[in-house]
Amino acid sequence: MSAPLRFDRGHTDDLMTFLAASPTPYHAVANAAERLEKAGFRQVSETDAWEGTSGGKYVLRGGAIVAWYVPEGADPHTPFRIVGAHTDSPNLRVKPRPDTGAHGWRQVAVEIYGGPLMNSWLDRDLGLAGRLSLRDGSTRLVNVDRPLLRVPQLAIHMDRNVSAEGLKLDKQRHLQPVWGLADTVRDGDLIAFLEEEAGLGRGEVTGWDLMTHSVEPPAYLGRDKELVAGPRMDNLLSVHAGVAALAAVATSGADLPYLPVLAAFDHEETGSQSDTGADGPLLGSVLERSVFARGGSYEDRARAFAGTVCLSSDTGHAVHPNYAERHDPTHHPRVNGGPLLKVNVNNRYATDGSGRAVFAAACEKANVPFQTFVSNNSMPCGTTIGPITAARHGISTVDIGAAILSMHSARELCGADDPHLLANALVAFLGG
């Protein structure tokens, strides 16, 4: 039997391609599905009856994807090994009435999604992408991946106190991007422009989910190119690693003691409470239907869930050289030091001692170093899909991820080796 592919810097090259091609959750899951198709996976519809056949399968729902591989002869009660991640990132999203402007400027009305570092969106060339819903009930992806919009910052000559008092941005007044000049604002201009970009007829679009993105491509950074700068690493870095790991395990020819699964959800940045979020029923429904399609009973479902482990993979905080005091004094994770094991005793992360042992075993098997992240006691701790997944489905969950800087910026920073180190650890975990 051939061994799974061991990832190297080529994986990081491919990550940058994936980031650039995935400006929205809808594009991310479409690109993930395309990669899984090449590995032999096939899409199944939630409205169809499912067969209990072996092989790779996946479900797409909006900005979420759940993919799984059924080994030949797998019992209905065989446990799952799940890599969980999320597809969304903080950004500026288009409002229902997008056409606005004043004083001769044509602008787009936007709403703040999640918790972005708002200053990172200023004076940056932005594209516009997302999902168009059409009159016939279908959807179409659109991606204007060129300089189209810009949020101009006020000149220092008109804000003399900004250097002393810091930048203060009003979310409603100061973040509406410009995209041209016009004496009169006309409703429908933006959507008509996007219909043309997508090759659609006038009036075909009746709904939209649109968002801005930086058009600057990902790039290696540093003297020895040991860093990567790019958008949406939180959390497409984990989605990309999970896709690569699942495909590698499914095509390895190895005897798998578990059913490997990738679950990449939308709306993590806003609480996960949606039909495509981790706090919705999507994952549980897919896992249960997989059990029942293979002839299993509720007892088989209970046995499978009891033996299941999920790695909730999301980016974490590397120690910041200019703000080291904001970190726990005995936990200073570094980029290129391997994936993080994220721990919080108040269950903001789901990791416990037994989960640590599972992750440590996977890293040892993959010959991958790992680090531990714990928040400074004086600062609140963020959270992930990990505790939600554990509580909603009653499955053992461990929070992990790659260490980055500038989290929630329009452009984040990671180590060039950490993406493939994470992917190798995920291969070892999914393969058992």
Side-chain angles (χ1 to χ4, degrees), residues 1-8 10-11 13-15 17-18 21-22 26-61 63-76 78-85 87 141 236 238-265 282-283 285-296 304 308 310-311 313 362 366 419-420 422-432:
M1 294 182 182
S2 59
L5 170 70
R6 181 165 181 81
F7 301 109
D8 54 21
H11 174 88
D13 295 338
D14 190 62
L15 168 64
T17 299
F18 185 79
S22 305
Y26 314 111
H27 290 82
V29 298
N31 290 323
E34 182 179 0
R35 289 159 183 259
L36 290 171
E37 287 273 349
K38 292 179 180 178
F41 284 70
R42 296 295 177 260
Q43 183 176 2
V44 295
S45 172
E46 291 185 84
T47 59
D48 291 341
W50 289 5
E51 299 178 352
T53 54
S54 60
K57 308 171 187 184
Y58 66 91
V59 164
L60 288 180
R61 185 193 289 184
I65 183 171
V66 180
W68 67 102
Y69 180 78
V70 180
E72 193 73 39
D75 293 321
T78 300
F80 301 93
R81 281 284 177 101
I82 305 168
V83 171
T87 61
L141 297 185
L236 294 188
S238 293
V239 174
H240 176 260
V243 170
L246 179 59
V249 168
T251 58
S252 67
D255 293 326
L256 300 176
Y258 307 99
L259 270 64
V261 179
L262 169 68
F265 301 102
L282 179 59
L283 176 61
S285 173
V286 169
L287 299 184
E288 287 181 345
R289 291 185 68 176
S290 174
V291 171
F292 298 151
R294 286 176 282 125
T308 292
C310 174
L311 290 189
S313 183
H420 67 81
L422 174 62
N424 285 327
L426 297 184
V427 168
F429 168 74
L430 290 177

Can you tell me if [X] uses its side chain to pair, donor with acceptor, with the backbone of [Y] under 3.5 Å?
{"X": "N424", "Y": "R6", "answer": "no"}
{"X": "T78", "Y": "D75", "answer": "yes"}
{"X": "R81", "Y": "G432", "answer": "no"}
{"X": "T87", "Y": "A264", "answer": "no"}

Going from [atom1] on [X] to [atom2] on [Y], what distance comes out if it is rounded to the nearest 0.5 angstrom?
{"X": "H420", "Y": "L15", "atom1": "NE2", "atom2": "CG", "answer": "11.0 Å"}
{"X": "E46", "Y": "L60", "atom1": "CD", "atom2": "CG", "answer": "9.5 Å"}
{"X": "K38", "Y": "T251", "atom1": "NZ", "atom2": "OG1", "answer": "13.5 Å"}

Report yes if the side chains of [X] and [Y] come closer than 4.5 Å at any heavy-atom pair, otherwise no.
{"X": "L262", "Y": "V243", "answer": "yes"}
{"X": "L430", "Y": "Y69", "answer": "no"}
{"X": "R289", "Y": "V59", "answer": "no"}
{"X": "T308", "Y": "V261", "answer": "no"}
{"X": "L246", "Y": "V249", "answer": "no"}
{"X": "R61", "Y": "V286", "answer": "no"}

Taking all atoms of both residues into account, what is the closest heavy-atom pair of [X] and [Y], and its distance?
{"X": "P76", "Y": "G296", "value": "CB-CA, 3.5 Å"}
{"X": "G63", "Y": "V29", "value": "O-CG1, 3.4 Å"}
{"X": "A28", "Y": "F18", "value": "O-CZ, 3.8 Å"}

Tell me if the CD atom of E51 is crowded by more than 12 foreign heavy atoms within 6.0 Å.
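No, not enclosed.
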
Of W50, F41, F80, Y258, which meets ring pair (Phe, Tyr, Trp, His ring centres under 6.0 Å) against W68?
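The ring pair (Phe, Tyr, Trp, His ring centres under 6.0 Å) with W68 is passed solely by W50 among W50, F41, F80, Y258.
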
